[in-house]
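Structure first, then comments.
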Protein chains: 2
Amino acid sequence: MDASNLGSRDKLQMAAIHLIAEKGYNGVTTLEIAAAAGLSEKTLFRHFGSKQKLLEAAFDRYHYAEEMKKLFAEKLVWELEDDLLLITKSYHDIMNRNRKMIQISLKEDLPGFRERTQRHPRQLLEFLTDYFIEMAARGSIRSDQPEMHAFSFMMMQFGAFMNDLDSRTNYSTIGLEPFIEESVKVFARALKP
Amino acid sequence: MDASNLGSRDKLQMAAIHLIAEKGYNGVTTLEIAAAAGLSEKTLFRHFGSKQKLLEAAFDRYHYAEEMKKLFAEKLVWELEDDLLLITKSYHDIMNRNRKMIQISLKEDLPGFRERTQRHPRQLLEFLTDYFIEMAARGSIRSDQPEMHAFSFMMMQFGAFMNDLDSRTNYSTIGLEPFIEESVKVFARALKP
DNA sequence: CCAAATTGTCAGTCAGTACTGACAGTCATA
DNA sequence: TATGACTGTCAGTACTGACTGACAATTTGG
(Lines give C-alpha, C1' and ligand atoms only; values in the text may rest on other atoms or scores of the structure.)
Protein backbone atom coordinates (compact mmCIF):
# COMPACT_ATOMS: atom_id res chain seq x y z
CA MET A 1 0.00 0.00 0.00
CA ASP A 2 1.47 3.29 -1.10
CA ALA A 3 1.91 5.53 1.90
CA SER A 4 0.92 8.57 -0.15
CA ASN A 5 -2.58 7.14 -0.42
CA LEU A 6 -3.05 6.90 3.29
CA GLY A 7 -5.05 9.31 5.37
CA SER A 8 -3.61 11.11 8.35
CA ARG A 9 -5.01 8.64 10.85
CA ASP A 10 -3.30 5.74 9.06
CA LYS A 11 0.03 7.55 8.88
CA LEU A 12 -0.09 8.41 12.59
CA GLN A 13 -0.92 4.85 13.59
CA MET A 14 1.87 3.36 11.49
CA ALA A 15 4.35 5.91 12.81
CA ALA A 16 3.23 5.15 16.36
CA ILE A 17 3.66 1.39 15.93
CA HIS A 18 7.06 1.86 14.31
CA LEU A 19 8.47 4.23 16.93
CA ILE A 20 7.00 2.49 19.96
CA ALA A 21 8.40 -0.83 18.74
CA GLU A 22 11.79 0.84 18.56
CA LYS A 23 11.84 3.06 21.67
CA GLY A 24 8.97 1.97 23.87
CA TYR A 25 5.84 3.95 24.75
CA ASN A 26 7.58 6.20 27.28
CA GLY A 27 10.63 6.64 25.11
CA VAL A 28 8.82 8.41 22.29
CA THR A 29 6.96 11.73 22.34
CA THR A 30 3.78 12.72 20.55
CA LEU A 31 5.82 15.36 18.74
CA GLU A 32 8.14 12.64 17.39
CA ILE A 33 5.26 10.43 16.30
CA ALA A 34 3.58 13.31 14.49
CA ALA A 35 6.83 14.33 12.81
CA ALA A 36 7.46 10.78 11.66
CA ALA A 37 3.98 10.76 10.16
CA GLY A 38 4.71 14.04 8.40
CA LEU A 39 1.99 15.84 10.33
CA SER A 40 1.73 18.33 13.20
CA GLU A 41 1.28 17.35 16.82
CA LYS A 42 -1.97 19.33 16.73
CA THR A 43 -3.31 17.02 14.05
CA LEU A 44 -2.38 14.00 16.16
CA PHE A 45 -4.46 15.31 19.05
CA ARG A 46 -7.32 16.30 16.73
CA HIS A 47 -7.63 12.74 15.50
CA PHE A 48 -6.97 10.74 18.67
CA GLY A 49 -7.37 13.01 21.68
CA SER A 50 -4.51 11.43 23.62
CA LYS A 51 -1.32 9.48 23.19
CA GLN A 52 -2.88 6.47 24.87
CA LYS A 53 -5.87 6.51 22.51
CA LEU A 54 -3.53 6.69 19.53
CA LEU A 55 -1.74 3.57 20.71
CA GLU A 56 -5.01 1.73 21.30
CA ALA A 57 -6.29 2.69 17.85
CA ALA A 58 -3.02 1.63 16.23
CA PHE A 59 -3.16 -1.65 18.14
CA ASP A 60 -6.74 -2.39 17.04
CA ARG A 61 -5.97 -1.49 13.46
CA TYR A 62 -2.97 -3.77 13.38
CA HIS A 63 -4.10 -6.97 11.84
CA TYR A 64 -2.19 -9.68 13.60
CA ALA A 65 -1.40 -12.28 11.00
CA GLU A 66 -2.36 -15.85 11.67
CA GLU A 67 -2.89 -18.20 8.77
CA MET A 68 -1.64 -21.59 9.80
CA LYS A 69 -5.11 -23.13 9.73
CA LYS A 70 -5.33 -23.14 5.96
CA LEU A 71 -1.84 -24.55 5.56
CA PHE A 72 -2.54 -27.46 7.91
CA ALA A 73 -5.92 -28.05 6.31
CA GLU A 74 -4.84 -28.07 2.70
CA LYS A 75 -1.12 -28.05 1.99
CA LEU A 76 0.48 -30.90 3.88
CA VAL A 77 1.91 -33.83 1.91
CA TRP A 78 2.60 -36.02 4.95
CA GLU A 79 6.33 -36.16 4.33
CA LEU A 80 8.00 -34.96 7.48
CA GLU A 81 10.82 -32.91 6.01
CA ASP A 82 8.71 -31.34 3.26
CA ASP A 83 5.92 -30.48 5.66
CA LEU A 84 8.24 -29.11 8.35
CA LEU A 85 9.99 -26.95 5.79
CA LEU A 86 6.71 -25.46 4.61
CA ILE A 87 5.44 -24.94 8.14
CA THR A 88 8.69 -23.34 9.26
CA LYS A 89 8.91 -20.91 6.36
CA SER A 90 5.32 -19.92 6.98
CA TYR A 91 6.00 -19.51 10.70
CA HIS A 92 8.90 -17.14 10.10
CA ASP A 93 6.96 -15.24 7.50
CA ILE A 94 4.07 -14.70 9.91
CA MET A 95 6.38 -13.87 12.82
CA ASN A 96 8.21 -11.38 10.62
CA ARG A 97 4.98 -9.67 9.67
CA ASN A 98 4.15 -9.45 13.37
CA ARG A 99 7.59 -8.33 14.38
CA LYS A 100 6.72 -4.80 15.45
CA MET A 101 3.85 -5.98 17.59
CA ILE A 102 6.17 -8.55 19.16
CA GLN A 103 8.79 -5.88 19.79
CA ILE A 104 6.15 -3.77 21.51
CA SER A 105 4.95 -6.70 23.58
CA LEU A 106 8.54 -7.26 24.77
CA LYS A 107 8.82 -3.68 25.97
CA GLU A 108 5.37 -2.87 27.27
CA ASP A 109 2.83 -4.57 29.48
CA LEU A 110 -0.35 -3.49 27.72
CA PRO A 111 -3.79 -5.05 28.08
CA GLY A 112 -4.58 -7.46 25.30
CA PHE A 113 -1.07 -7.70 23.85
CA ARG A 114 -0.34 -11.07 25.38
CA GLU A 115 -3.46 -12.68 24.01
CA ARG A 116 -2.81 -11.36 20.54
CA THR A 117 0.87 -12.10 20.24
CA GLN A 118 0.42 -15.62 21.61
CA ARG A 119 -2.48 -16.64 19.44
CA HIS A 120 -0.37 -17.64 16.47
CA PRO A 121 2.29 -19.68 18.29
CA ARG A 122 -0.30 -21.30 20.54
CA GLN A 123 -2.37 -22.28 17.54
CA LEU A 124 0.70 -23.61 15.78
CA LEU A 125 1.66 -25.70 18.81
CA GLU A 126 -1.76 -27.38 18.69
CA PHE A 127 -1.61 -27.97 14.94
CA LEU A 128 1.92 -29.31 15.04
CA THR A 129 1.14 -31.58 17.97
CA ASP A 130 -1.84 -33.02 16.10
CA TYR A 131 0.33 -33.41 13.01
CA PHE A 132 2.97 -35.36 14.94
CA ILE A 133 0.27 -37.57 16.49
CA GLU A 134 -1.13 -38.37 13.06
CA MET A 135 2.34 -38.97 11.57
CA ALA A 136 3.20 -41.32 14.43
CA ALA A 137 -0.10 -43.17 13.93
CA ARG A 138 0.85 -43.61 10.27
CA GLY A 139 4.23 -44.96 11.30
CA SER A 140 5.96 -42.12 9.47
CA ILE A 141 7.74 -40.85 12.56
CA ARG A 142 8.67 -42.04 16.02
CA SER A 143 7.37 -39.68 18.69
CA ASP A 144 6.24 -40.80 22.11
CA GLN A 145 5.83 -37.19 23.26
CA PRO A 146 4.31 -35.32 20.32
CA GLU A 147 3.49 -32.14 22.22
CA MET A 148 6.97 -31.93 23.71
CA HIS A 149 8.50 -32.52 20.29
CA ALA A 150 6.25 -29.93 18.68
CA PHE A 151 7.21 -27.50 21.43
CA SER A 152 10.92 -28.29 21.06
CA PHE A 153 10.80 -27.66 17.33
CA MET A 154 8.95 -24.39 17.85
CA MET A 155 11.44 -23.28 20.50
CA MET A 156 14.21 -23.77 17.98
CA GLN A 157 12.42 -21.55 15.48
CA PHE A 158 11.35 -19.07 18.14
CA GLY A 159 14.93 -18.81 19.34
CA ALA A 160 16.11 -18.08 15.83
CA PHE A 161 13.37 -15.50 15.35
CA MET A 162 14.25 -13.77 18.64
CA ASN A 163 17.93 -13.88 17.74
CA ASP A 164 17.15 -12.24 14.44
CA LEU A 165 14.55 -9.80 15.77
CA ASP A 166 16.94 -7.11 16.72
CA SER A 167 20.56 -6.53 15.96
CA ARG A 168 21.11 -5.95 19.66
CA THR A 169 20.63 -9.61 20.43
CA ASN A 170 21.97 -11.22 17.26
CA TYR A 171 25.31 -12.86 17.92
CA SER A 172 25.77 -15.11 14.93
CA THR A 173 26.36 -14.57 11.23
CA ILE A 174 24.34 -17.65 10.32
CA GLY A 175 21.48 -16.59 8.07
CA LEU A 176 17.87 -17.49 8.70
CA GLU A 177 17.31 -19.36 5.42
CA PRO A 178 20.14 -21.89 5.78
CA PHE A 179 19.23 -22.22 9.44
CA ILE A 180 15.64 -23.13 8.53
CA GLU A 181 16.81 -25.70 5.99
CA GLU A 182 19.25 -27.43 8.30
CA SER A 183 17.17 -27.23 11.48
CA VAL A 184 14.32 -28.97 9.66
CA LYS A 185 16.70 -31.69 8.43
CA VAL A 186 18.11 -32.22 11.91
CA PHE A 187 14.70 -32.46 13.49
CA ALA A 188 13.34 -34.74 10.79
CA ARG A 189 16.31 -37.06 11.36
CA ALA A 190 15.62 -37.05 15.11
CA LEU A 191 12.03 -38.23 14.58
CA LYS A 192 12.79 -40.72 11.82
CA PRO A 193 11.56 -44.19 12.80
CA MET B 1 24.20 -12.05 50.52
CA ASP B 2 21.93 -10.59 53.15
CA ALA B 3 20.44 -7.34 51.95
CA SER B 4 20.70 -5.86 55.44
CA ASN B 5 24.49 -6.00 55.13
CA LEU B 6 24.51 -3.91 52.00
CA GLY B 7 25.34 -0.25 51.86
CA SER B 8 23.05 2.32 50.35
CA ARG B 9 24.85 2.30 47.02
CA ASP B 10 24.39 -1.45 46.68
CA LYS B 11 20.70 -1.29 47.55
CA LEU B 12 20.09 1.48 45.03
CA GLN B 13 21.89 -0.37 42.25
CA MET B 14 20.00 -3.58 42.85
CA ALA B 15 16.68 -1.74 43.01
CA ALA B 16 17.57 0.06 39.79
CA ILE B 17 18.42 -3.16 37.94
CA HIS B 18 15.26 -4.86 39.20
CA LEU B 19 12.87 -2.04 38.30
CA ILE B 20 14.46 -1.15 34.98
CA ALA B 21 14.36 -4.81 33.92
CA GLU B 22 10.65 -4.77 34.70
CA LYS B 23 9.51 -1.36 33.45
CA GLY B 24 12.31 0.03 31.30
CA TYR B 25 14.51 3.04 32.01
CA ASN B 26 11.85 5.60 31.07
CA GLY B 27 9.08 3.72 32.80
CA VAL B 28 10.54 4.04 36.26
CA THR B 29 11.22 7.20 38.31
CA THR B 30 14.10 7.97 40.64
CA LEU B 31 11.54 8.27 43.42
CA GLU B 32 10.41 4.69 42.73
CA ILE B 33 13.95 3.35 42.65
CA ALA B 34 14.84 5.05 45.93
CA ALA B 35 11.66 3.81 47.59
CA ALA B 36 12.34 0.26 46.44
CA ALA B 37 15.81 0.55 47.97
CA GLY B 38 14.27 1.78 51.23
CA LEU B 39 16.01 5.14 50.90
CA SER B 40 15.13 8.72 50.01
CA GLU B 41 15.41 10.18 46.54
CA LYS B 42 17.82 12.70 48.04
CA THR B 43 20.15 9.88 49.01
CA LEU B 44 20.00 8.47 45.49
CA PHE B 45 21.17 11.78 44.06
CA ARG B 46 23.81 12.18 46.78
CA HIS B 47 25.38 8.90 45.82
CA PHE B 48 25.06 8.94 42.03
CA GLY B 49 24.37 12.50 40.91
CA SER B 50 21.96 11.44 38.16
CA LYS B 51 19.64 8.67 37.10
CA GLN B 52 21.88 7.86 34.16
CA LYS B 53 24.95 7.54 36.38
CA LEU B 54 23.06 5.23 38.70
CA LEU B 55 22.25 2.95 35.80
CA GLU B 56 25.84 2.96 34.57
CA ALA B 57 27.13 2.15 38.06
CA ALA B 58 24.60 -0.65 38.46
CA PHE B 59 25.56 -1.99 35.05
CA ASP B 60 29.29 -1.98 35.87
CA ARG B 61 28.67 -3.58 39.23
CA TYR B 62 26.60 -6.34 37.72
CA HIS B 63 28.87 -9.29 37.24
CA TYR B 64 27.71 -10.96 34.07
CA ALA B 65 28.06 -14.65 34.65
CA GLU B 66 30.02 -16.67 32.13
CA GLU B 67 31.57 -19.92 33.23
CA MET B 68 31.38 -22.30 30.32
CA LYS B 69 35.15 -22.40 29.85
CA LYS B 70 35.76 -24.50 32.94
CA LEU B 71 32.96 -26.91 32.08
CA PHE B 72 34.29 -27.53 28.57
CA ALA B 73 37.83 -27.81 29.89
CA GLU B 74 37.19 -30.24 32.70
CA LYS B 75 33.78 -31.85 32.89
CA LEU B 76 32.98 -33.43 29.55
CA VAL B 77 32.76 -37.22 29.35
CA TRP B 78 32.49 -37.33 25.52
CA GLU B 79 29.07 -38.99 25.58
CA LEU B 80 26.79 -36.78 23.53
CA GLU B 81 23.64 -36.98 25.62
CA ASP B 82 25.41 -36.71 28.97
CA ASP B 83 27.51 -33.78 27.80
CA LEU B 84 24.62 -31.95 26.16
CA LEU B 85 22.55 -32.31 29.30
CA LEU B 86 25.30 -30.85 31.46
CA ILE B 87 25.96 -28.03 29.00
CA THR B 88 22.27 -27.22 28.68
CA LYS B 89 21.59 -27.11 32.40
CA SER B 90 24.59 -24.88 32.83
CA TYR B 91 23.43 -22.66 29.96
CA HIS B 92 20.00 -22.12 31.51
CA ASP B 93 21.50 -21.56 34.93
CA ILE B 94 23.80 -18.86 33.55
CA MET B 95 21.05 -17.31 31.43
CA ASN B 96 18.77 -17.28 34.46
CA ARG B 97 21.38 -15.51 36.54
CA ASN B 98 21.71 -12.95 33.73
CA ARG B 99 17.99 -12.64 33.22
CA LYS B 100 17.59 -9.08 34.47
CA MET B 101 20.42 -7.82 32.32
CA ILE B 102 18.87 -9.59 29.34
CA GLN B 103 15.50 -8.07 30.11
CA ILE B 104 17.09 -4.64 30.18
CA SER B 105 18.94 -5.29 26.93
CA LEU B 106 15.62 -6.20 25.29
CA LYS B 107 14.06 -2.92 26.35
CA GLU B 108 16.88 -0.42 26.09
CA ASP B 109 19.59 0.42 23.61
CA LEU B 110 22.43 1.24 25.96
CA PRO B 111 26.12 1.38 25.10
CA GLY B 112 27.98 -1.75 26.05
CA PHE B 113 24.90 -3.90 26.75
CA ARG B 114 25.13 -5.78 23.50
CA GLU B 115 28.72 -6.81 23.99
CA ARG B 116 28.08 -8.00 27.50
CA THR B 117 24.88 -9.93 26.96
CA GLN B 118 26.30 -11.66 23.88
CA ARG B 119 29.59 -12.75 25.38
CA HIS B 120 28.22 -15.88 27.02
CA PRO B 121 26.18 -17.24 24.09
CA ARG B 122 28.90 -16.34 21.59
CA GLN B 123 31.48 -18.15 23.69
CA LEU B 124 29.20 -21.14 24.06
CA LEU B 125 28.65 -21.30 20.28
CA GLU B 126 32.41 -21.55 19.78
CA PHE B 127 32.85 -24.17 22.47
CA LEU B 128 29.94 -26.25 21.26
CA THR B 129 31.11 -26.04 17.65
CA ASP B 130 34.58 -27.26 18.65
CA TYR B 131 32.97 -30.01 20.72
CA PHE B 132 30.89 -31.22 17.76
CA ILE B 133 33.98 -31.14 15.52
CA GLU B 134 35.90 -33.28 18.00
CA MET B 135 32.98 -35.67 18.50
CA ALA B 136 32.63 -36.10 14.74
CA ALA B 137 36.37 -36.72 14.45
CA ARG B 138 35.98 -39.44 17.06
CA GLY B 139 33.14 -40.94 15.07
CA SER B 140 30.79 -40.41 18.03
CA ILE B 141 28.41 -38.23 16.06
CA ARG B 142 27.54 -37.47 12.48
CA SER B 143 27.75 -33.76 11.78
CA ASP B 144 28.80 -32.27 8.47
CA GLN B 145 27.92 -28.75 9.65
CA PRO B 146 29.06 -28.54 13.27
CA GLU B 147 28.62 -24.79 13.63
CA MET B 148 25.13 -24.88 12.19
CA HIS B 149 24.23 -27.77 14.47
CA ALA B 150 25.69 -26.01 17.49
CA PHE B 151 23.73 -22.92 16.55
CA SER B 152 20.52 -24.91 16.01
CA PHE B 153 20.82 -26.53 19.40
CA MET B 154 21.46 -23.17 21.05
CA MET B 155 18.49 -21.61 19.29
CA MET B 156 16.30 -24.31 20.76
CA GLN B 157 17.54 -23.48 24.25
CA PHE B 158 17.46 -19.74 23.62
CA GLY B 159 13.87 -19.99 22.43
CA ALA B 160 12.90 -21.86 25.58
CA PHE B 161 14.72 -19.31 27.73
CA MET B 162 13.00 -16.42 25.97
CA ASN B 163 9.66 -18.16 26.23
CA ASP B 164 10.22 -18.61 29.95
CA LEU B 165 11.73 -15.17 30.54
CA ASP B 166 8.52 -13.34 31.05
CA SER B 167 5.00 -14.48 31.62
CA ARG B 168 3.94 -12.09 28.88
CA THR B 169 5.49 -14.27 26.21
CA ASN B 170 5.06 -17.70 27.71
CA TYR B 171 2.38 -19.64 25.89
CA SER B 172 2.95 -23.18 26.98
CA THR B 173 2.62 -25.07 30.24
CA ILE B 174 5.60 -27.30 29.44
CA GLY B 175 8.20 -26.87 32.15
CA LEU B 176 11.82 -26.07 31.51
CA GLU B 177 13.28 -29.17 33.18
CA PRO B 178 11.38 -31.78 31.13
CA PHE B 179 11.97 -29.65 28.06
CA ILE B 180 15.73 -29.70 28.66
CA GLU B 181 15.72 -33.48 29.14
CA GLU B 182 13.72 -34.24 26.02
CA SER B 183 15.29 -31.59 23.77
CA VAL B 184 18.71 -33.03 24.55
CA LYS B 185 17.46 -36.56 23.75
CA VAL B 186 15.95 -35.39 20.48
CA PHE B 187 19.08 -33.59 19.40
CA ALA B 188 21.36 -36.43 20.43
CA ARG B 189 19.25 -38.79 18.34
CA ALA B 190 19.53 -36.42 15.37
CA LEU B 191 23.31 -36.45 15.50
CA LYS B 192 23.67 -40.17 16.21
CA PRO B 193 25.83 -41.87 13.53
C1' DC C 1 29.89 11.65 75.03
C1' DC C 2 30.96 13.82 70.91
C1' DA C 3 32.09 14.40 66.24
C1' DA C 4 31.79 12.79 61.76
C1' DA C 5 29.22 10.56 58.43
C1' DT C 6 25.07 9.64 56.50
C1' DT C 7 20.28 10.10 55.69
C1' DG C 8 15.60 12.44 55.59
C1' DT C 9 12.48 16.42 54.90
C1' DC C 10 11.09 20.29 52.52
C1' DA C 11 10.48 23.67 49.35
C1' DG C 12 11.91 24.59 45.65
C1' DT C 13 14.03 25.15 40.06
C1' DC C 14 14.07 23.71 35.52
C1' DA C 15 13.15 21.27 31.48
C1' DG C 16 10.26 18.38 29.12
C1' DT C 17 5.89 16.50 27.60
C1' DA C 18 0.90 15.90 27.01
C1' DC C 19 -2.57 18.51 25.57
C1' DT C 20 -5.51 22.86 24.17
C1' DG C 21 -8.00 27.14 22.21
C1' DA C 22 -7.73 30.63 18.91
C1' DC C 23 -6.72 31.92 14.56
C1' DA C 24 -4.99 31.42 9.80
C1' DG C 25 -4.04 28.83 5.48
C1' DT C 26 -4.90 25.22 1.91
C1' DC C 27 -7.52 22.22 -0.80
C1' DA C 28 -11.53 20.08 -2.71
C1' DT C 29 -16.12 20.32 -4.07
C1' DA C 30 -20.62 22.10 -5.17
C1' DT D 1 -16.96 31.87 -5.68
C1' DA D 2 -18.08 30.17 -1.35
C1' DT D 3 -18.09 26.72 1.98
C1' DG D 4 -16.67 22.77 4.46
C1' DA D 5 -13.01 19.79 5.79
C1' DC D 6 -8.64 19.45 7.20
C1' DT D 7 -4.13 20.98 8.65
C1' DG D 8 -0.47 24.15 10.66
C1' DT D 9 1.18 27.79 13.85
C1' DC D 10 1.39 29.84 18.15
C1' DA D 11 1.11 30.77 22.71
C1' DG D 12 -0.15 28.89 26.06
C1' DT D 13 -1.69 25.42 30.69
C1' DA D 14 -0.88 21.75 33.68
C1' DC D 15 1.62 18.27 35.18
C1' DT D 16 5.61 15.31 35.83
C1' DG D 17 10.15 14.01 36.83
C1' DA D 18 15.12 14.95 37.38
C1' DC D 19 17.64 17.26 40.41
C1' DT D 20 19.13 20.75 44.32
C1' DG D 21 20.26 23.72 48.60
C1' DA D 22 19.27 24.38 53.26
C1' DC D 23 18.43 22.56 57.43
C1' DA D 24 17.37 18.84 60.72
C1' DA D 25 17.67 14.09 62.39
C1' DT D 26 19.86 9.73 62.91
C1' DT D 27 23.55 6.52 62.99
C1' DT D 28 28.12 5.11 63.63
C1' DG D 29 32.57 4.92 65.50
C1' DG D 30 36.34 6.67 68.33
Side-chain angles (χ1 to χ4, degrees), chain A residues 1-61 104 107-113, chain B residues 1-62 103-104 107-113:
Chain A
M1 182 183 285
D2 188 355
S4 61
N5 284 345
L6 293 171
S8 297
R9 290 182 67 88
D10 300 319
K11 290 178 186 174
L12 287 164
Q13 288 168 344
M14 288 170 62
I17 289 286
H18 177 74
L19 286 171
I20 294 172
E22 182 181 322
K23 302 180 175 181
Y25 182 78
N26 291 311
V28 67
T29 68
T30 46
L31 192 60
E32 285 171 328
I33 293 172
L39 296 159
S40 73
E41 192 186 23
K42 183 59 181 167
T43 298
L44 185 155
F45 283 105
R46 276 206 188 96
H47 283 284
F48 295 99
S50 73
K51 186 183 183 185
Q52 179 66 27
K53 285 176 187 166
L54 165 60
L55 175 61
E56 287 166 7
F59 181 26
D60 288 339
R61 176 190 183 283
I104 294 177
K107 290 170 154 61
E108 310 299 338
D109 189 7
L110 294 158
F113 263 53
Chain B
M1 182 182 285
D2 188 355
S4 62
N5 285 344
L6 293 172
S8 297
R9 290 181 68 89
D10 300 319
K11 289 177 185 173
L12 287 162
Q13 287 167 347
M14 287 169 65
I17 289 287
H18 177 74
L19 286 171
I20 294 171
E22 182 182 320
K23 301 181 176 183
Y25 182 79
N26 291 310
V28 67
T29 69
T30 46
L31 191 61
E32 284 171 328
I33 294 172
L39 296 159
S40 73
E41 192 186 22
K42 183 59 180 166
T43 297
L44 185 156
F45 283 103
R46 275 207 186 94
H47 282 285
F48 294 99
S50 73
K51 186 183 182 185
Q52 179 66 28
K53 285 177 187 166
L54 165 60
L55 175 60
E56 287 166 8
F59 182 26
D60 288 341
R61 174 189 185 283
Y62 197 97
Q103 280 175 319
I104 294 177
K107 290 170 154 58
E108 311 296 341
D109 189 8
L110 295 158
F113 262 53

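Sequence lines set the chain letters: A, B, ... in the order given, protein chains first and strands last, and positions in each chain run from 1. Only heavy atoms go into these numbers, but all of them, side chains included; no hydrogens, no water, no symmetry mates.
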Contact summary for A/Ile104 and A/Ile17, nearest pair of heavy atoms | CD1-O, 3.8 Å

Contact residues, residues 32-40 of chain B to DNA chain C [heavy atom, < 4.0 Å] = B/Gly38, B/Leu39, B/Ser40

Between which nucleotides of DNA chain C, read 5' to 3', does contact with chain B run, using atoms under 4.0 Å from its heavy atoms?
-> C/dT7 to C/dT9

Write down the distance between CG (A/Asp10) and P (D/dC6), rounded to a whole number of angstrom.
-> 13 Å

Where along residues 43-54 of chain B does a heavy atom come under 4.0 Å from DNA chain C, residue by residue in number order?
-> B/Thr43, B/Arg46, B/His47

Under 4.0 Å between a Lys/Arg side-chain N and an Asp/Glu carboxylate O for B/Asp10 and B/Arg61?
-> yes

Is the NZ or CZ atom of A/Lys51 positioned over A/Phe45's six-membered ring, under 6.0 angstrom from the centre and within 45° of the axis?
-> no

Only counting residues at least two apart or in another chain, list the ones meeting side chain to side chain contact (heavy atoms under 4.5 Å, CB included) with B/His18.
-> B/Glu22, B/Lys100

Comparing B/Ser8 with A/Lys42, nearest DNA chain C nucleotide closer to 5' gives the residue B/Ser8

Rounded to the nearest angstrom, tell me the gap between atom OH in B/Tyr25 and atom P in D/dG17.
-> 14 Å

Any B/Glu56 side-chain heavy atom under 4.5 Å of B/Phe48 side chain | no

Rounded to the nearest Å, what distance is computed from the CG atom of residue B/Leu31 to the C1' atom of nucleotide D/dC19?
-> 12 Å

Sequence-distant partners of A/Phe59, ring-ring contact (aromatic ring centres under 6.0 Å, His included), two or more places apart = A/Phe113

Taking the side chain as every heavy atom from C-beta outward, state whether B/Leu44 and B/Leu39 have any pair of such atoms under 4.5 Å apart.
-> no

Where do B/Ser8 and B/Lys11 land on the side chain to side chain contact (heavy atoms under 4.5 Å, CB included) test, with the steps shown first?
-> CA-CA 5 Å; B/Ser8 297; B/Lys11 289 177 185 173; 5.6 Å; no

Should A/Lys23 and A/Lys107 be marked as a side chain to side chain contact (heavy atoms under 4.5 Å, CB included) after you check the CA-CA gap, both sets of side-chain angles, and the distance that decides it?
-> CA-CA 9 Å; A/Lys23 302 180 175 181; A/Lys107 290 170 154 61; 5.9 Å; no

Under the side-chain hydrogen bond (donor to acceptor under 3.5 Å, both in side chains) test, which residues partner B/Thr30, sequence neighbours left out?
-> B/Glu41

